[in-house]
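First comes the structure, then the notes that go with it.
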Amino acid sequence: MIILAIETSCDETAISVLESNKNSWEILSNVVSSQVKLHAKWGGVVPSLAKREHLKNLPIVLRKSLLKAGIKNAKKEIDLIAVTQGPGLEPALWTGINFAKELAVLWNKPLVPINHMEGHLFSVFLKENREENFGFPAIVLLASGGHTQLILVKDWFKYKILGETRDDAVGEAFDKVARMLKLGYPGGPVVARLADEQRTVLGKITKDGPLFNRIVLPRPMMNSKDYDFSFSGLKTAVLYKLREFPKLTPGIKKEMCYEFQQAVIDVLISKTMRAAKEYKAKTVILGGGVVANKELRKQFQELPYTYDREHVVILPEVKFTGDNAAMIALAAYFRYKNKKLTVKPQALKADGNLRIA
Ligand code: KG4
Ligand code: ZN
């Protein structure tokens with residue numbers, strides 16, 4: 001079966017074509033048109049601009065995606081259309097939904113709405129092209145620009161949100177700290193790069209002794225009994241720390257990025273692995289834009305001995321961590337296969353606050 005999926009929840013216009021057979025699937029095309037440069041000027045995503053760009057880009061991205069996939073007669077060859085219903089920016093979501101509805105009517109195909117967070121969850125399966133190493137129950141950590149959630153998955157589509165952020169999402173915290181350090185938008189990649197640079201000099205011997213990181217930040221809610229997170233306090237701690245230094249030098253920026261990133265990683269690992277232990281998870285799955293972070297990936301894969309090693313940690317390939325439509329296509333394939341929900345095109349509505357459970 002051939003699935004065409006559309007994703008427009010934030011600032012990427014994405015369309016993918018995925019071919020699935022019984023137990024395997026192949027991404028025929030995965031086109032992502034990013035608006036990041038446009039929004040960078042404003043220091044974050046502007047919903048009205050995102051909508052305008054999606055409207056402009058959707059037909060172009062569709063043509064590119066079909067061409068790459070080698071689809072000559074879409075009406076004949078495509079079997080199913082999938083689209084992100086939410087969560088995300090509603091004006092942006094509507095552009096993808098309306099586009100998908102028109103195609104579904106025009107080509108007379110079933111339409112499957114997909115939760116964007118479920119898409120991020122399924123992005124781990126794009127890598128292996130199969131379900132190897134995977135078993136229930138699973139603990140899923142989703143960390144993106146808009147969300148931070150710990151989810152217990154007992155079976156396919158059986159989700160329970162164990163905890164989530166009470167204020168800022170992890171990616172949002174990266175973006176805000178980057179703004180304080182005057183590093184531009186999006187913050188994640190540049191904070192990660194400076195943290196890496198700092199790591200390479202730590203421990204070097206100078207005339208004053210070995211170099212160490214002077215900045216220490218809190219690990220908010222790391223030891224709280226629940227599975228919630230809070231990152232806005234960490235952001236404020238960064239702000240106060242910066243006031244202790246007379247000038248924002250490149251060196252201070254690097255130290256701050258290093259310590260901030262490590263504080264985030266410590267909290268995420270601690271809570272996720274505690275949940276894995278409590279719920280006897282066979283698998284720990286990570287997903288979302290923040291999972292592009294190299295250090296976070298490394299530390300999750302090389303957990304210190306204090307953590308239980310019975311759980312297999314699986315990560316999506318870096319190229320599938322950010323928003324894309326292949327993950328939406330795969331989630332739709334699983335839903336369709338399991339006879340979970342298709343709607344009449346007319347009935348589908350965007351839901352900016354859609355919950356996975
Ligand atoms: O999942 P995503 O692409 O979009 C949303 O659904 O929000 O996530 C985007 C977020 C941004 O906040 C960005 O700063 C963050 O992911 N991000 C990173 C890295 N790359 C992107 N955060 C930390 N380290 C990175 N390398
Ligand atoms: Zn996302």
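Both backbone and side-chain heavy atoms feed into the values below; hydrogens, waters and symmetry mates do not. Read the numbers this way: they start at 1 and go in the same order the structure lists the ligands and their atoms.
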Under 3.5 Å: N/O of A192 near N/O of ligand 1: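 No; every N/O pair is 3.5 Å or more apart.
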Heteroatom distance test (G188, ligand 1): nitrogen or oxygen, under 3.5 angstrom: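 Yes; at least one N/O pair falls below 3.5 Å.
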What protein heavy atom is closest to [atom], reported as residue, atom name and distance in Å?
atom	answer
atom 2 (P) of ligand 1	D323 OD1, 3.5 Å
atom 24 (N) of ligand 1	N293 ND2, 3.0 Å
atom 21 (C) of ligand 1	G289 O, 3.5 Å

same_hphob_cluster(W156, L80) at 4.5 Å side-chain heavy-atom cutoff: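 Yes, W156 connects to L80 through the hydrophobic network.
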Go through ligand 1 atom by atom and flag the ones less than 4.0 Å from a non-hydrogen atom of [X].
X	result
G145	5 (C), 7 (O), 8 (O), 9 (C), 10 (C), 12 (O)
G322	3 (O)
G146	7 (O)

D167 side chain to S232 backbone, donor-acceptor under 3.5 Å: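 Flag set: sc D167 to bb S232 pair under 3.5 Å.
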Please check if the side chain of T84 supplies one atom and the backbone of I114 the other of a donor-acceptor pair under 3.5 Å.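 Not confirmed, T84 side chain does not pair with I114 backbone.
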Applying salt bridge (Lys or Arg N to Asp or Glu O under 4.0 Å), run through E259 and K241 and close with a yes or a no. CA-CA 11 Å; E259 174 63 8; K241 262 288 170 234; over 6 Å; no
Angle, NE2 of H120 through the Zn ion (ligand 2) to NE2 of H116 - 10° precision: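 Result: 90°, to 10°.
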Closer than 4.0 angstrom: is that true for some heavy atom of C10 and an atom of ligand 1?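 No; C10 lies far enough from ligand 1 that no heavy-atom distance drops under 4.0 Å.
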Decide whether the shortest distance between a heavy atom of H120 and an atom of ligand 1 is less than 4.0 Å.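 Heavy atoms of H120 do come under 4.0 Å of ligand 1.
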Before we go on, tell me: are the rings of Y185 and W42 under 6.0 Å apart, centre to centre?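 Distance test on ring centres: not under 6.0 Å, no.
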So, do Y227 and F229 have ring centers that fall under 6.0 Å from each other?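 No, ring centres 6.0 Å or more apart.
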Side-chain ion pair, D196 and R199, N-O less than 4.0 Å: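 R199 and D196: salt-bridged.
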Salt bridge check, K271 against D226: does any charged N sit closer than 4.0 Å to a carboxylate O?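 Yes.
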What is the name of the N/O/S atom in D323 that sits closest to the Zn ion (ligand 2)?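 When I compare the N, O and S atoms of D323, OD1 is nearest to the Zn ion (ligand 2).
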Looking only at heavy atoms, is any part of [X] under 4.0 Å from ligand 1, and if so is it the side chain, the backbone, or both, or is it neither?
X	value
D175	side chain
H116	side chain
Q261	neither

Consider only side-chain N and O atoms of T8 and H54, and report whether a donor and an acceptor are under 3.5 Å apart.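 No, no side-chain donor-acceptor pair sits under 3.5 Å.
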Taking the six-membered ring for Trp, are F122 and F334 parallel (under 30°), tilted (30 to 60°) or perpendicular (over 60°)?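 If you compare the ring of F122 with that of F334, the planes turn out tilted.
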